[in-house]
Amino acid sequence: MAVSRLIGLILILALPQRAEAAELKTAVMPLTAKRVPEATVDILDDLLVNEVAAKSGSTVIGSQDINAILGLDKMKEALGCDDLACAVQIGGALGVDFLLTGSVSALGGEVIVSLTLIDTKESIAKKRAQSRAADDERFYAYAVAAAVAELYGLPAPAAPRHDSGIAR
């Protein structure tokens, strides 16, 4: 009887340690701008970091953290990195499990947010997501939130309404 209680106590005490050891880290790279003003993309970067932190269940580092770890020159080089091998090297340098890259584009009256989640340990693009909304700055935050929700398999947020239509 005493042995089974001792084993149960050991198992209970071991659970928090396992949960802490399993904490994942995700680095969110700055979005690439395609026909969208850089100042707008800077704001969307902040929204993206906050959305990923809220929805991913992982510890998230953003561009300011990356800049502090890698330095401004290395981060600028990393922004030009499009291939998987390069992304894996960046992830290794940052000590993260996942690297989130993406772009925000304006095309045909829409803004398009495209995201790719890269598993730095397995060297693969784990998941891709895309969201579209009317090319109206009032819908940009929605587009970011919808893309992040899709990426993590969560329900899409409610589309905002506007006098001339709704987000798509």
Side-chain angles (χ1 to χ4, degrees), residues 18-38 40-107 110-135 137 139-160 167-168:
R18 276 192 224 135
E20 289 175 50
E23 186 170 2
L24 299 174
K25 294 180 185 173
T26 301
V28 178
M29 298 299 290
L31 293 166
T32 302
K34 297 178 182 175
R35 298 174 60 188
V36 177
E38 286 295 329
T40 302
V41 177
D42 289 344
I43 295 167
L44 296 178
D45 285 339
D46 291 339
L47 292 173
L48 179 61
V49 168
N50 289 325
E51 281 292 323
V52 172
K55 305 270 176 22
S56 70
S58 67
T59 299
V60 176
I61 62 173
S63 61
Q64 292 174 342
D65 306 311
I66 295 167
N67 182 24
I69 295 166
L70 295 181
L72 184 59
D73 290 339
K74 292 284 186 194
M75 189 175 91
K76 285 181 180 176
E77 283 177 34
L79 291 177
C81 169
D82 287 344
D83 67 7
L84 190 60
C86 182
V88 169
Q89 286 180 340
I90 294 166
L94 294 170
V96 297
D97 302 288
F98 297 99
L99 191 68
L100 182 66
T101 63
S103 64
V104 60
S105 312
L107 182 65
E110 290 184 317
V111 65
I112 304 162
V113 176
S114 300
L115 303 174
T116 302
L117 186 65
I118 299 167
D119 184 323
T120 61
K121 308 292 188 232
E122 295 182 23
S123 302
I124 60 169
K126 198 78 164 174
K127 183 108 189 217
R128 296 178 196 277
Q130 188 178 79
S131 176
R132 296 168 180 249
D135 189 2
E137 287 186 353
F139 298 133
Y140 287 12
Y142 163 79
V144 169
V148 170
E150 180 183 332
L151 193 71
Y152 291 105
L154 300 171
R168 293 175 220 159

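Values reported hereafter were calculated over all heavy atoms of this structure, with side chains retained and with hydrogens, waters and symmetry mates removed.
- Across all their heavy atoms, Y142 and P157 have their closest contact at CE1-O, 3.4 Å.
- Expressed to the nearest 0.5 Å, how far CG of D42 lies from OG of S63 amounts to 8.0 Å.
- The two atoms that bring I112 and S114 nearest to each other are CG2-OG, 3.8 Å, heavy atoms only.
- Counting all heavy atoms, side chain and backbone alike, E150 lies closest to R128 at OE2-O, 4.1 Å.
- Between atom CD of residue E51 and atom CG of residue L154 there is a gap of 10.0 Å, rounded to the nearest 0.5 Å.
- Between the side chain of D45 and the backbone N or O of L31, at least one donor-acceptor pair lies under 3.5 Å.
- Sparse packing is recorded around NZ of K25, with 12 or fewer heavy atoms of other residues, nucleotides or ligands lying under 6.0 Å away.
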Original post:
Where do E23 and T59 land on the side-chain hydrogen bond (donor to acceptor under 3.5 Å, both in side chains) test, with the steps shown first?
Top reply: CA-CA 7 Å; E23 186 170 2; T59 299; 2.3 Å; yes
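- Counting heavy atoms from C-beta on, the side chains of I118 and I124 never come closer than 4.5 Å.
- Taking NZ from K126 and OG1 from T116, the interatomic distance works out to 14.0 Å, rounded to the nearest 0.5 Å.
- D97 has its side chain out of reach of D119: every pair of non-hydrogen atoms, C-beta onward, lies at least 4.5 Å apart.
- Heavy atoms only, all atoms of each residue included: F139 and P160 are closest at CD2-CG, 3.2 Å.
- Between the side chains of T26 and S58, at least one donor-acceptor pair of N or O atoms lies under 3.5 Å.
- Counting heavy atoms from C-beta outward, L115 and Q130 have side chains that stay 4.5 Å or more apart.
- Minimum interatomic distance between S123 and L84 (heavy atoms only, all atoms of both residues): O-CD2, 2.8 Å.
- Side chains of T40 and E137 form a contact here, defined as non-hydrogen atoms less than 4.5 Å apart.
- The only member of V148, V41, V60 that meets side chain to side chain contact (heavy atoms under 4.5 Å, CB included) when paired with L48 is V148.
- Contact check for F98 versus T120: no side-chain heavy atoms found under the 4.5 Å cut-off.
- The distance from atom CD of E38 to atom CD1 of I43, rounded to the nearest 0.5 Å, is 11.5 Å.
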**OP:** Could you go through the side-chain contact (heavy atoms from CB on, under 4.5 Å) check for I61 and V96 one step at a time?
**Re:** CA-CA 9 Å; I61 62 173; V96 297; 3.9 Å; yes
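- For the pair M29/I66, a side-chain contact is recorded, criterion being any heavy-atom separation below 4.5 Å from C-beta on.
- Annotation: side chain of L47 is not in contact with side chain of Y140 (no heavy-atom distance under 4.5 Å).
- Between Y152 and L117 the shortest side-chain heavy-atom distance falls below 4.5 Å.
- The number of heavy atoms from other shown groups lying within 6.0 Å of NZ (K34) does not exceed 12.
- With L44 as the fixed residue, the side chain to side chain contact (heavy atoms under 4.5 Å, CB included) test singles out one of V49, V144, V113: V144.
- Between the CD1 atom of I69 and the CG atom of N67 there is a distance of 9.5 Å, given to the nearest 0.5 Å.
- Nearest heavy atoms, V36 versus A106: CG2-N, 3.7 Å.
- Here the OG atom belonging to S131 is positioned 11.5 Å from the CG atom belonging to L151, to the nearest 0.5 angstrom.
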